[in-house]
Amino acid sequence: MDAKVRVRFAPSPTGGLHLGGVRTVLFNYLFAKHNNGEFILRIEDTDQTRFVPGAEQYIQDTLAWCGLTPDESPLHGGPYGPYRQSERKAMYKQYADKLIAQGNAYYAFDTPEDLDNKRKEVPNFQYSRAHRMDMKNSLSLSKEEVDELLKNNTPHVIRIKVPENEEVSLEDVIRGQVSFDTNMVDDKVLLKADGMPTYHLAVVVDDHLMKITHAFRGEEWLPSAPVHVLLWKYLFGLEQMPKWAHLPLILKPDGNGKLSKRDGERLGFPVFAMDWFDPNTNTTTIGFKERGFVPEAFVNLLAMLGWNDGTDKEIYTIEELIAGFSLDRVHKGGAKFDYEKAKWFNGEWIKKMENEKLAALVQPYFDKEGIEIHDKAYLVKVIGLVKERCQLLPDFITQSSFYFKAPTQIDTASVAPKWDAKKTEFFTELAAIYNSKIESGVITAPAIDLEAAFKDLVAKHELKPGELMLPFRIMLVGGKFGPGVFEIVETIELKETIARIQYSLQLLS
RNA sequence: GGAGCGUUCGUCUAACGGUUAGGACGCCAGGUUUUCAUCCUGGUAAUACGGGUUCGAUUCCCGUACGCUCUACCA
């Protein structure tokens with residue numbers, strides 16, 4: 001009973017991975033690592049009609065970005081492969097056959113049209129004990145008829161025969177005991193006409209074959225859990241069944257309901273982990289990564305959606321999450337996603353991150369803006385100067401581009417009304433002083449010295465510093481934002497400062 | 001319609017059956033920053049409702065309401 005913990009994330013490759021999906025991965029991962037177990041990625045691609053090229057790669061890339069690397073996967077391989085259900089197709093049939101032989105399943109020959117008609121005819125139709133004898137299957141037909149149909153390769157499915165008047169229950173790790181009346185459960189299809197298993201069969205067979213000890217999935221699966229429990233009972237025995245945990249849903253911020261891609265578009269925030277290009281629609285949906293989230297923050301904020309360790313701590317490294325994670329502190333209720341708080345998490349992580357690491361993450365955004373970085377060390381320094389005012393990675397562009405090139409837009413409107421000849425005179429002399437320093441070999445000076453010199457000059461001109469500071473700032477960065485004025489001067493150096501003073505003086509004259 | 005699950009500030013959440021129901025985000029006010037942001041201080045705001053059980057219910061039980069999920073040869 002003390003088998004090694006093995007968990008799996010089993011997505012179907014149909015599109016981008018959204019918040020809920022990544023959080024399921026995360027909880028799997030944290031649980032596995034906390035218990036020194038293994039985390040497996042299994043691709044559930046049994047529905048050929050919904051297969052989307054690139055989606056599997058996308059899932060692997062997303063896991064890699066988040067740092068939630070599986071121990072076994074289609075990419076990494078492993079002792080229980082293949083890890084793609086489409087490649088395991090041949091394995092499932094024997095289990096379906098076993099169920100038939102045991103009388104726990106039966107062949108059904110109804111066409112999709114038959115089913116459609118029946119659903120129209122009978123209100124609230126369920127393919128179950130109430131109606132199964134009205135349908136065309138190996139329970140309602142004679143043995144001869146069935147043999148004939150099978151011999152002729154008549155398209156058919158295999159359905160589970162749900163027993164009558166039984167109570168099926170499972171002990172959910174998060175929810176406690178959950179019970180179902182089998183009279184309310186319908187005869188789900190197990191093996192489709194194309195020979196592929198449905199999720200119901202595949203999940204049970206693969207979890208068994210892959211020695212899964214704990215099965216986590218979204219709460220939306222709870223209603224079909226009795227089918228899975230029944231299959232475990234018929235196929236492998238209940239004592240072999242993994243422990244189930246049905247995770248709470250991530251809800252849309254306004255109103256109720258599961259968070260969807262559309263909500264993100266409507267409200268203006270990402271829902272997918274990374275950019276997802278859908279080849280069918282030829283559109284790209286923005287991801288958290290591209291919006292400027294760092295993976296550490298993304299993982300951190302997801303962990304806090306439905307779990308906490310009982311303390312007030314909110315910022316966690318992945319190591320701390322692994323150490324503290326426990327399923328009995330996972331919530332039952334769904335959590336509405338709050339983008340404002342998500343950004344706060346990212347801001348906290350940016351503040352806490354090494355400048356060098358940040359520089360590497362920020363560099364692509366500068367490249368995209370066409371801002372050339374000649375000196376890596378200079379970028380690292382600038383990042384240290386502005387990081388506490390950035391929440392998302394692209395904020396570094398607006399907060400620091402003036403360190404690399406002169407602002408093109410100068411907010412002269414904020415200073416022009418109070419501008420006069422005395423100020424022009426002041427800045428002209430300031431530029432001249434800086435120039436003479438350059439001529440004597442000085443490139444820059446410490447901010448405190450620059451400030452002292454500036455104030456001396458202000459006094460000499462019989463002006464007030466308050467009147468000059470804002471104009472100076474605007475000359476340097478273009479607007480009312482940014483770090484301390486003299487820190488900027490120190491960093492961009494005297495020559496560049498003079499150029500910016502002169503440029504603005506022109507605009508103001 | 002049916003089944004299952006859920007419900008503490010606007011949001012994320014804490015609280016052995018005994019707390020002035022705590023923290024965080026947001027918002028508001030003040031301070032720091034001669035800008036903005038950060039930061040600091042303070043404020044705002046919640047146990048869905050009704051019955052039990054109990055000396056005492058946010059907490060346990062029942063009911064109601066509301067919400068969600070599922071109800072496919074999709075997962």
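Quick note on labels: first sequence line is chain A, next is B, and so on, each numbered from 1.
- Judged by Watson-Crick or G-U wobble contacts below 3.5 Å, the nucleotide B:U53 has no partner.
- Residue contacts for A:Asn256: at a heavy-atom cut-off of 4.0 Å it reaches the sugar-phosphate backbone alone, with no base atom in range.
- Within the 4.0 angstrom heavy-atom criterion, no nucleotide atom of any strand lies near A:Val386.
- Checking the phosphate oxygens (OP1, OP2) of B:C12, no side-chain nitrogen or oxygen of A:Arg23 falls inside 4.0 Å.
- A salt bridge is absent between A:Glu44 and A:Arg84: the closest approach of a Lys/Arg side-chain nitrogen to an acidic carboxylate oxygen does not fall below 4.0 angstrom.
- Closest approach to the A:Leu305 side chain among B:C5, B:C70, B:C12 is made by B:C12 (side chain taken as heavy atoms from C-beta onward).
- Under the 6.0 Å distance and 45° angle rule, A:Arg23 counts as a cation-pi partner of A:Phe27.
- Of the nucleotides present, B:G4 is the one that pairs with B:C68 by Watson-Crick or G-U wobble criteria, both distances under 3.5 Å.
- If you check every strand for non-hydrogen atoms under 4.0 Å, A:Gly333 touches sugar and phosphate atoms only.
- Between A:Asn308 and the phosphate of B:U13, there is no side-chain N or O to OP1/OP2 separation shorter than 4.0 Å.
- Looking at heavy-atom distances under 4.0 Å, A:Asp110 makes contact with a base.
- Backbone-only engagement by A:Ala335 is indicated by non-hydrogen atom pairs under 4.0 Å involving sugar-phosphate atoms exclusively.
- A sub-4.0 Å separation between OP1 or OP2 of B:A75 and a side-chain N or O of A:Thr14 is absent.
- When heavy atoms are screened at a 4.0 angstrom cut-off, A:Arg217 is found touching no nucleic acid atom at all.
- Here A:Gly482 lies in heavy-atom contact (under 4.0 Å) with a base.
- Within 4.0 Å (heavy atoms only), A:Ser224 reaches no atom of the nucleic acid at all.
- Checking the phosphate oxygens (OP1, OP2) of B:A14, a side-chain nitrogen or oxygen of A:His331 falls inside 4.0 Å.
- Closest to the side chain of A:Gln126, from the set B:G6, B:C73, B:U71, is B:U71.
- Taking the nucleotide of RNA chain B with the nearest heavy atom to each of A:Ala342 and A:Glu467, the more 5' of the two is matched to A:Ala342.
- Backbone-only contact: A:Ser179 has heavy atoms under 4.0 Å from sugar-phosphate atoms and none from a base.
- With A:Asp187 as reference, A:Arg132 is the one residue of A:Arg132, A:Arg159, A:Gln126 to meet the side-chain hydrogen bond (donor to acceptor under 3.5 Å, both in side chains) rule.
- Side-chain atoms of A:Tyr316 and A:Asn308 include no donor-acceptor pair closer than 3.5 Å.
- Atom-to-atom, CG of A:Asp254 to P of B:C68 comes out at 12 Å; the value is rounded to the nearest Å.
- Residue contacts for A:Lys351: at a heavy-atom cut-off of 4.0 Å it reaches the sugar-phosphate backbone alone, with no base atom in range.
- Distance check on atom P: B:U47 versus B:U58 gives 11 Å, rounded to whole Å.
- Remark: A:Arg159 is in phosphate contact with B:C73, judged by side-chain N or O atoms under 4.0 Å from OP1 or OP2.
- For A:Lys464, the NZ atom sits in a loose shell: 12 or fewer heavy atoms of surrounding residues, nucleotides or ligands are nearer than 6.0 Å.
- Nucleotides of RNA chain B nearest to A:Arg473 and A:Gln391 differ in position, and the one nearer the 5' end is that of A:Gln391.
- Remark: A:Lys192 is not in phosphate contact with B:A72, judged by side-chain N or O atoms under 4.0 Å from OP1 or OP2.
- Residue A:Lys258 is in sugar-phosphate contact alone, with no base atom involved, counting any heavy-atom pair closer than 4.0 Å across all strands shown.
- At the heavy-atom level, A:Met184 lies under 4.0 Å from the strands shown only through sugar-phosphate atoms.
- Put simply, the side chain of A:Lys341 and the base of B:A24 share a donor and an acceptor less than 3.5 Å apart.
- Judged purely by atom type and a 3.5 angstrom limit, A:Lys423 uses its side chain to pair as donor or acceptor with the backbone of A:Lys418.
- Note on A:Pro483: a base of the nucleic acid sits closer than 4.0 angstrom, heavy atoms only.
- Here A:Gly306 lies in heavy-atom contact (under 4.0 Å) with sugar-phosphate atoms only.
- Other residues, nucleotides and ligands contribute at most 12 non-hydrogen atoms within 6.0 Å of the CD1 atom of A:Ile448.
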